[in-house]
Student: 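My questions will all concern the structure given below.
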Amino acid sequence: MLRVLAVDDEAPALSELSYLLREDARVEHVATAPDGVKALQDMVQMIGAGERLDGVFLDIRMSGLNGLDLARLIGGFPAPPKLVFVTAHDDCAVQAFELEAVDYLLKPVRPERLAEAVRRLSTAIAAPADEGGGEKDVIPVELGGRTRFIPQQAVWYAEAQGDYVRLHTADGGFLVRMSLSALERRWAGSGFIRAHRSTLVNARHVSELRFDAGRALLKVAAVTLPVSRRHTRQVREQLVHQFRGPAEGRP
């Protein structure tokens, strides 16, 4: 059962959110705060009293301490609660992703969409802390006023395009505003390989490594991607390690 805190500086929105959360059978307790400063004070008191707090549902555009700044402060706690952003604005999804938010809901909040956020929160809490992949490894993509979450392992490869990265999946390409280097750091140790200065490849979707006229090529799904000479050795070693495993090849 979850213990959560709802934060919003608009009283009607806070009342509606807290009501919907209390109606969910997976939620044991809902505390509320009318702004970011009060939320921070309440959380410090909870920690001091030894109370458990599993998740924080918070608005972004709040007077005083806004939701993003509050989330950064929460991230400094010894055992920070999971974050779910609830906002009327769809232009902060990338920052929410960088802060490792479990979900990003747009107002007005639909009950079924909030139920999905609670499910994501429950799954994120239940997952082992050192597990690679997992529910937190999704990227929010804005599509005509909707926010779609692309799971890490659904991505075949990521391609740098100026200030953006295009995520290539079985459902098509999705453009997000972030650098390829930032994405590489985020997914370090999760099976993604830098094959080129403009390409990051998911090793799980690589079906072939071949050499043509001295140049390495990777087949990812139905696409053939070049490997730069600078990255060829690293790509080969990572693929061997990925598919043979550390125990194979030992005497």
Student: Which heavy atom in Asp35 sits nearest to a heavy atom in Lys38, and how many Å separate them?
Tutor: OD1-N, 2.7 Å
Student: Check whether any side-chain heavy atom of Val27 sits under 4.5 Å from a side-chain heavy atom of Val118, and report yes or no.
Tutor: yes
Student: Do Tyr157 and Leu200 come within less than 4.5 Å of each other through their side chains, counting heavy atoms only?
Tutor: no
Student: May I ask you to test the Tyr104-Cys92 pair for a side-chain heavy-atom distance under 4.5 Å?
Tutor: yes
Student: Would you sort out whether Phe85 and Asp103 count as a side chain to side chain contact (heavy atoms under 4.5 Å, CB included), showing the intermediate values?
Tutor: CA-CA 6 Å; Phe85 287 100; Asp103 210 340; over 6 Å; no
Student: Hey, does the side chain of Asp59 reach the backbone of Met62 with a donor-acceptor pair shorter than 3.5 angstrom?
Tutor: no
Student: With rounding to the nearest 0.5 Å, note down the distance linking CG in Leu20 to CZ in Arg110.
Tutor: 12.0 Å
Student: I need the His168 NE2 to Asn202 CG distance, nearest 0.5 Å.
Tutor: 13.0 Å
Student: Distance from Ser228 atom OG to Arg197 atom CZ, nearest 0.5 Å?
Tutor: 9.0 Å
Student: State, with a plain yes or no, whether a side-chain heavy atom of Leu5 is found less than 4.5 Å away from one of Thr32.
Tutor: no
Student: What's the spacing between Ile74 CD1 and Lys82 NZ if we round to 0.5 Å?
Tutor: 12.5 Å
Student: Shortest non-hydrogen contact from Ala13 to Asp8?
Tutor: CB-OD2, 3.6 Å
Student: If you compare all heavy atoms of Ala115 against all heavy atoms of Asp24, which two are closest, and at what distance to 0.1 Å?
Tutor: CA-OD2, 4.1 Å
Student: Counting heavy atoms not belonging to Tyr19, are there more than 12 under 6.0 Å from its OH?
Tutor: no
Student: What's the shortest heavy-atom distance between Leu99 and Leu83, and which atoms?
Tutor: O-CD1, 4.0 Å
Student: Starting from the C-alpha separation in whole Å, work towards a yes-or-no answer on salt bridge (charged side-chain N to carboxylate O under 4.0 Å, His left out) for Arg61 and Asp9.
Tutor: CA-CA 9 Å; Arg61 303 284 171 84; Asp9 64 350; over 6 Å; no
Student: Looking at every heavy atom in both Leu70 and Gly36, which two are closest together, and how far apart are they?
Tutor: CD1-O, 3.9 Å
Student: Are Val4 and Val44 linked, directly or through intermediate hydrophobic residues, by side-chain heavy-atom contacts shorter than 4.5 Å (ILVMFWY only)?
Tutor: no
Student: So that I can tick it off, tell me whether Arg119 and Glu116 are bridged by a salt bridge, with the cut-off set at under 4.0 angstrom between side-chain N and carboxylate O.
Tutor: yes
Student: Taking atom CH2 of Trp187 and atom CZ of Arg194, what is their separation to the nearest 0.5 Å?
Tutor: 13.0 Å
Student: Where do Val165 and Ser179 come nearest, in terms of heavy atoms and distance?
Tutor: CG2-C, 3.6 Å
Student: Would you sort out whether Glu159 and Gln161 count as a side chain to side chain contact (heavy atoms under 4.5 Å, CB included), showing the intermediate values?
Tutor: CA-CA 6 Å; Glu159 179 185 14; Gln161 294 187 353; 3.6 Å; yes
Student: Would you say that Tyr164 contacts Met178 through its side chain, given a criterion of any heavy-atom pair below 4.5 Å between the two side chains?
Tutor: no
Student: Quick one: do the Thr87 and His89 side chains pair a donor with an acceptor below 3.5 Å?
Tutor: no
Student: Do Arg22 and Glu28 pass the salt bridge (charged side-chain N to carboxylate O under 4.0 Å, His left out) test, and can you show the C-alpha distance, the side-chain angles, and the key distance before you say yes or no?
Tutor: CA-CA 8 Å; Arg22 291 187 179 103; Glu28 174 186 8; over 6 Å; no
Student: Which is it for Ile193 and Gln234 under the side chain to side chain contact (heavy atoms under 4.5 Å, CB included) test, yes or no, and what are the steps along the way?
Tutor: CA-CA 8 Å; Ile193 303 171; Gln234 180 184 2; 5.5 Å; no
Student: Mind checking whether Leu73 and Leu65 have side chains closer than 4.5 Å, heavy atoms only?
Tutor: yes
Student: For residues 208-222, which side-chain N or O atoms pair as donor and acceptor with protein atoms under 3.5 Å away, sequence neighbours left out?
Tutor:
from	atom 1	to	atom 2	distance (Å)
Glu208	OE2	Arg210	NH1	2.9

Student: What distance separates Leu167 CG from Leu183 CG, expressed to the nearest 0.5 Å?
Tutor: 6.5 Å
Student: What pairs of donor and acceptor atoms, side-chain ones from residues 46-58 against any protein atom, are under 3.5 angstrom apart with sequence neighbours left out?
Tutor:
from	atom 1	to	atom 2	distance (Å)
Arg52	NE	Asp54	OD1	3.1
Arg52	NE	Asp54	OD2	3.1
Arg52	NH2	Met1	O	2.6
Arg52	NH2	Asp54	OD2	3.1
Asp54	OD2	Arg3	N	2.8

Student: How about CZ on Arg26, more than 12 heavy atoms from neighbouring residues, nucleotides or ligands closer than 6.0 Å, or not?
Tutor: yes
